[in-house]
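Notes to accompany the following structure.
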Amino acid sequence: MTPNEHSAATAGEHLWLHFTRHSDATDHAIPTIVRGDGAYIYDSAGRKYLDGLSGLFVVQAGHGRTELAAAASKQASELAYFPLWSYAHPQAIALAERLAHYAPGDLNKVFFTTGGGEAVETAWKLAKQYFRLLGKPNKTKVISREIAYHGTPHGALAITGIPAIKTMFEPLVPGAIKVPNTNIYRSVEHRDDPVAFGRWAADAVEQAIIDADPSTVACVFVEPVQNAGGCFPPPPGYFERLREICDRHDVLLVSDEVICAFGRLGYMFACEKFGYVPDIITCAKGMTSGYSPIGACVISDRIAEPFWRDKVSFSHGFTFGGHPVSAAVAMANLDLFEREELNKHVATNSGLFRETLNKLYDLPIVGDVRGDGYFFGIELVKDKATRETFTDEESERLLRGFLSKALFEAGLYCRADDRGDPVVQLAPPLICGQAEFDEMEQILREVLTQAWELI
Ligand SMILES: Cc1ncc(COP(=O)(O)O)c(C=O)c1O
């Protein structure tokens, strides 16, 4: 049997799916995706779906881009593999230079990984060694936001702010402190004043640094727009103030752009959109549009400087970090980005996407539509006026029992998520336009209407 002939029915026999209840697979077949073309994917039965999540916030350029496959094939034929451990290869050199060129300020050094969680892990370790090299070995703690997802390795999981996916693995890496996120829709503070709310949320970070003792805090991790919980954009002034706070307390600001970089918000690096310059950017997913895995930390010259001193090295690395095939694919993907002006396309069309989703406000179940770029979350509520949310049991019935499957069956692959309050998340390939926005809106309208009747 070729891999494509394996049926949905056999998927669970040996294959262990990520973040998946295998018990659910007993009453329905595991969807098996065999092909992609543009914004669409096809399952093993030949059914077509709109890819409303770019796989997993990854396939920026869309599916079926043969030029990216060709770049992988060419590089594998020329030099399939070589490590970045004391040696270099041309694609890693070129890609590092390119990322440094896109990054703001003096972020000129690039440390490659194979994915986002490794990049997060790397950034925390790098911050710790940086302060140790400066004679401040007690600066080891990390601050991040509630509900934020930063990956699953032990260090990254400590930074992640979702208790339900952490508790079974405790004890995690110590010294990870949580602060409020920027969910103004659910905030009890300054709900009607975004500027005051932004100041309050940033000041909560400063308070956490002070409470922990600034001489023990190494870094703060934030996403430009927080994914988990359903797309929380930063309130006005938030990042400006966060930058000031980090500088005041000699704490590194890490912009976790594993989702937000590479066009998701219409910029190569999303910090540029919100006008701040972090000390480190972590990125991955969209760098290759998913045609091969890679991740990276982009680091400021200031932070790199002590690592370039005599006899110092960063004692850290990954066999496949900066893999030649992935680096070659990233270069081809970024060529495509520039040639097709994907960032401009997102910036021009994001407003239309928002307006199209805003039409759903006439449904009683739609409480909030929020996000930026090609990255939106729709929060579902039981009572629009009071913002009352669903009980755990209703949420279970609604999201796991009905919505995800019903949306998929209606032809839309996206994500119904309850890591915070229940949300439906949308992040389609960056090639999408009004026709795909309308298709998403129509399917959501139909399925959310049915969901309301079920509740
Ligand atoms: C903001 C953020 N950081 C880190 C990660 C972890 O990346 P990976 O799954 O590639 O390890 C993710 C994954 O979705 C993410 O969204």
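Every value quoted in this text rests on a predicted model; they were computed, and no experiment measured them. Start at 1 and go down the list; that is how both ligands and their atoms are numbered.
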Once you restrict both partners to nitrogen or oxygen, which atoms of ligand 1 have a protein partner under 3.5 Å, and how far apart are they?
unit_1, atom_1, unit_2, atom_2, d
ligand 1, 3 (N), Asp256, OD1, 3.4
ligand 1, 3 (N), Asp256, OD2, 2.8
ligand 1, 7 (O), Gly117, N, 3.1
ligand 1, 10 (O), Gly116, N, 2.8
ligand 1, 11 (O), Gly117, N, 2.6
ligand 1, 14 (O), Lys285, NZ, 3.0

For the residue pair Phe318 and His316, does the interplanar ring angle fall in the parallel (under 30°), tilted (30 to 60°) or perpendicular (over 60°) class?
perpendicular
Practice task
Applying ring-ring contact (aromatic ring centres under 6.0 Å, His included), run through Tyr49 and Tyr40 and close with a yes or a no.
Solution key: CA-CA 6 Å; Tyr49 307 85; Tyr40 291 88; 9.7 Å; no
Contacts of Lys141 meeting side-chain hydrogen bond (donor to acceptor under 3.5 Å, both in side chains) (sequence neighbours excluded), chain-then-number -> Thr216
Residues 251-276 vs salt bridge (charged side-chain N to carboxylate O under 4.0 Å, His left out), sequence neighbours excluded, gives Lys273-Asp372
Sorted by chain and number, sequence neighbours left out, salt bridge (Lys or Arg N to Asp or Glu O under 4.0 Å) with Lys109 holds for Asp301
Please work out which of the three classes, parallel, tilted or perpendicular, describes the rings of Tyr276 and Phe239, given edges at 30° and 60°. parallel
